[in-house]
Amino acid sequence: MLAKAKEAWDQEHMTTQEEKQRYLNERVPHTNTHGLGLAALQELCRELHEKVGIVDEERYDIEAKVIHNTREIQDLRMKVLDLRGKFKRPPLRRVRVSADAMLRALLGSKHKVSMDLRANLKSVKKEDTEKERPVEVSDWRKNVEAMSGMEGRKKMFDAAKSPTSQ
């Protein structure tokens, strides 16, 4: 597989070299300077100098167009960013709609479906929850005085040790 890839790469390299040579032969004619006199050589240099000037002018024009287009693209990008920033999303408001109204809106007015969502809910009594959690109110000062000193620490240690030993 690597051999095939190398062959394909070599073939591609050869074709690009051939294309390059063909392009150069088309654009740049071979100049024969042997046997030319001084005046003929000077004339050849003038012609080549004129061609170089023409190519430089074209290159300069193309560079100016590219710079102009990049500036225009950058300006358009800035305009797009400005337009995105100016439009703010409105804050959404909570709309209270009953389940029946929602179903009518979704299904249309022809279908008459009523749904009472509250009928399926389980009722909870407040008294039951208060009875489950009895609150012990005691004087915190007594607890602090009982636990202070080494005796209190020993009681805490014994209390922590006794449930695990059972």
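All of these numbers come straight from a predicted model, not from anything done at the bench.
- In this structure, the separation between CD on Glu7 and CD on Gln11 is 9.5 Å, given to the nearest 0.5 Å.
- Here Arg96 pairs with nothing under the side-chain hydrogen bond (donor to acceptor under 3.5 Å, both in side chains) rule; sequence neighbours left out.
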Determine all donor-acceptor pairs shorter than 3.5 Å in which one atom belongs to a side chain in residues 33-57; sequence neighbours excluded.
none

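- Other residues, nucleotides and ligands contribute over 12 non-hydrogen atoms within 6.0 Å of the CD atom of Gln17.
- Here the NE2 atom belonging to His13 is positioned 10.0 Å from the NZ atom belonging to Lys6, to the nearest 0.5 angstrom.
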Stepwise side-chain contact (heavy atoms from CB on, under 4.5 Å) test for Thr16 and Lys20: CA-CA 6 Å; Thr16 55; Lys20 182 178 178 182; over 6 Å; no
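- Applying the side-chain hydrogen bond (donor to acceptor under 3.5 Å, both in side chains) definition to pairs two or more places apart or across chains, those involving residues 62-73 are Arg59-Glu63.
- Here the straight-line distance linking atom CD1 of Ile62 with atom CD1 of Ile67 works out to 12.5 Å at 0.5 Å rounding.
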